[in-house]
Amino acid sequence: MERGRCMLLLMMVLIMDIDRGEGQLVEDFYSLTCPNVEALVKKAVSTKFNQTFTTIPATLRLFFHDCFVTGCDASTMVSSPNGDAEKDAPDNLSLAGDGFDTVVKAKQKVEGACPGVVSCADILAIAARDVVVLAGGPSFNVELGRRDGLVSKASLVKGNLPEPGFNLSQLNAMFARNNLSQIDMIALSGAHTLGFSHCSRFANRLYSFSSSSPVDPSLNQDYAKQLMDGCPRNVDPSIAINMDPVTPQTFDNVYFQNLVNGKGLFTSDEVLFTDPASQPTVKDFANSSSDFNGAFATAMRKLGRVRVKTGSQGSIRTDCTVINS
Ligand code: HEM
Ligand SMILES: *[C@@H]1O[C@H](CO)[C@@H](O)[C@H](O)[C@H]1NC(C)=O
Ligand SMILES: *[C@@H]1O[C@H](CO)[C@@H](O)[C@H](O)[C@H]1NC(C)=O
Ligand SMILES: *[C@@H]1O[C@H](CO)[C@@H](O)[C@H](O)[C@H]1NC(C)=O
Ligand SMILES: *[C@@H]1O[C@H](CO)[C@@H](O)[C@H](O)[C@H]1NC(C)=O
Ligand SMILES: CC(=O)N[C@H]1CO[C@H](CO)[C@@H](O)[C@@H]1O
């Protein structure tokens, strides 16, 4: 009996050890080394959110861009004095500074409690979940154990992020490269229930769609007018508008209802409804917030596994914006 229990214990330790090894993320990765990490990040995110709502969309998008370019390794956080880091790429799509600031602030708190232990990549993954919850979206457990990347180059961005003009097969191909299914892709696109887009990202749909029809005929005509009001021709390039015109500060399934109503801001949004291959999923998510929330949580966990560095790969950065030398 005692012997059996001892064996069982030994096996559990072995299994835990394998879990902590190369390649695998686990939810309790810091249970011994930094048990309060999630509470510390949550508090820092909440403090930052109380200062500005932009924290929410900025952090969520930062996580997505980080994972799609060289994996979820906080490479997007790095600053370069030469302006050639990942975040300097033209494709960086103007990541809002508040996302970077959220992770930097959370990292400072975490370093205070458990120095040199928790990666910036994990802090970003936790913060991305926390902002979804703060906006009213689903909660889910975050897998941990990522290490921070040693490379951040603007030249690695091109071709790895989706563009607003993409059609369904282009979207599916790019997400499939990151182990994400069409359903994952559609659910993650629901992040556009929050945040802003600069007018330049969709102005072609309002003013220069084709020679016969300057306005994209597939846009709901009232919505097109609303967009033209917010984004007049040749508007100041710093002007941005809400991507969800109905509930821009709530994480909900209204994004999908908008798509059904012809109110998809980008071609890449609209095509999810107009392409018969993805339309049933959009209708399902538009009808059922629990189906959307469940699919979003699943897809976020899968996004968080993309090309992660674990074990002895990469490093634990001290300052998220600087690669350890
Ligand atoms: C499916 C393909 C996608 C395309 C083509 C796309 C494209 C874009 C573009 C062009 C913008 C506007 C940026 C600007 O002008 O400032 C934007 C904003 C945003 N995207 Fe996406 N995106 C996609 C998927 C995602 C995913 C998977 C997420 C996260 C899970 C995401 C989260 C966001 C957020 C939160 C914003 C608002 C950012 C802010 O307000 O600061 N997007 N996206
Ligand atoms: C943020 O504001 C809310 C509402 O006022 C408050 O309950 C919460 O404690 C604040 N969070 C922090 C970390 O200060
Ligand atoms: C999507 O765009 C690509 C590249 O322009 C094109 O080759 C493909 O035929 C398009 N697919 C659909 C379904 O329109
Ligand atoms: C969504 O709900 C409407 C009305 O309840 C129903 O007619 C439609 O079939 C539903 N669509 C899906 C995809 O569940
Ligand atoms: C996709 O999943 C497979 C099998 O789990 C894994 O070997 C591969 O590294 C993953 N690819 C990415 C980009 O995460
Ligand atoms: C946040 C950030 O680094 N933005 C940059 C994105 O790329 C443009 C064009 O290369 C730069 O002007 C921005 O400063």
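For ligands, and for the atoms within them, numbers begin at 1 and follow the listed sequence. Source: prediction; values computed, not measured.
- For the residue pair Asp275/Asn167, the side-chain donor-acceptor check at 3.5 Å is not satisfied.
- Residue contact check: Ser189 has heavy atoms under 4.0 Å from atoms 1 (C) of ligand 1.
- Counted by atom type alone, Asp269 and Tyr255 present one or more donor-acceptor pairs between their side chains at under 3.5 Å.
- For ligand 1, the atoms sitting less than 4.0 Å from at least one non-hydrogen atom of Pro164 are 5 (C), 10 (C), numbered in the order shown with element in parentheses.
- Remark: ligand 1 atoms within the under-4.0 Å shell around heavy atoms of Phe175 are 1 (C).
- Remark: ligand 1 and Thr54 share no N or O pair separated by less than 3.5 Å (distance only, no angle test).
- Residue Asp275 has no N or O atom closer than 3.5 Å to an N or O atom of ligand 3.
- Between Phe292 and Phe251, the ring planes are parallel. Angles under 30° get that label, and only those over 60° would be called perpendicular.
- Heavy-atom contacts of Phe266 reach the following atoms of ligand 1: 7 (C), 8 (C), 9 (C), 10 (C), 11 (C), 12 (C) (cutoff under 4.0 Å).
- In this structure, ligand 2 sits under 4.0 Å from heavy atoms belonging to Lys43, Ser46, Thr47, Asn50.
- The minimum heavy-atom distance between Asn253 and Asn287, with the atom names listed, is ND2-C, 4.3 Å.
- Ligand 1 places these atoms under 4.0 Å from at least one heavy atom of Ser197: 12 (C), 14 (C), 15 (O).
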Atom pairs and distances, donor-acceptor, side-chain atoms in residues 116-123, under 3.5 Å, two or more places apart:
from: Ser119; atom 1: OG; to: Asp122; atom 2: N; distance (Å): 3.0
from: Ser119; atom 1: OG; to: Asp122; atom 2: OD2; distance (Å): 3.4
from: Ser119; atom 1: OG; to: Arg146; atom 2: O; distance (Å): 2.7
from: Asp122; atom 1: OD1; to: Gly145; atom 2: N; distance (Å): 3.4
from: Asp122; atom 1: OD1; to: Arg146; atom 2: N; distance (Å): 3.1
from: Asp122; atom 1: OD1; to: Arg146; atom 2: NH1; distance (Å): 2.7
from: Asp122; atom 1: OD2; to: Tyr30; atom 2: OH; distance (Å): 2.5
from: Asp122; atom 1: OD2; to: Gly145; atom 2: N; distance (Å): 2.8
from: Asp122; atom 1: OD2; to: Arg146; atom 2: N; distance (Å): 3.3

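- Grouped with Ile239 in one hydrophobic cluster are Val235, the linkage being side-chain heavy-atom contacts under 4.5 Å among Ile, Leu, Val, Met, Phe, Trp and Tyr residues.
- Applying the salt bridge (charged side-chain N to carboxylate O under 4.0 Å, His left out) definition to pairs two or more places apart or across chains, those involving residues 211-227 are Arg205-Asp216.
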Asp130 vs Phe49, side chain to side chain contact (heavy atoms under 4.5 Å, CB included): CA-CA, chis, key distance, verdict:
CA-CA 10 Å; Asp130 290 347; Phe49 165 67; over 6 Å; no
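- Near Leu171, with a cut-off below 4.0 Å to any heavy atom, the atoms of ligand 1 are 1 (C), 2 (C).
- Under the 3.5 Å distance criterion, with hydrogens and angles disregarded, no donor-acceptor pair is assigned to the side chains of Thr281 and Gln182.
- Using the six-membered ring where Trp is involved, Phe202 and Phe266 have ring planes that are tilted, between 30° and 60° apart.
- Remark: among candidates Met243, Gln170, Met300, the nearest residue to atom 36 (C) of ligand 1 is Met243, based on non-hydrogen atoms.
- Residue Gly195 has at least one heavy-atom neighbour below 4.0 Å for each of these atoms of ligand 1: 37 (C), 40 (O).
- Contacts between Arg201 and ligand 1 below 4.0 angstrom, taking non-hydrogen atoms only, involve the side chain exclusively.
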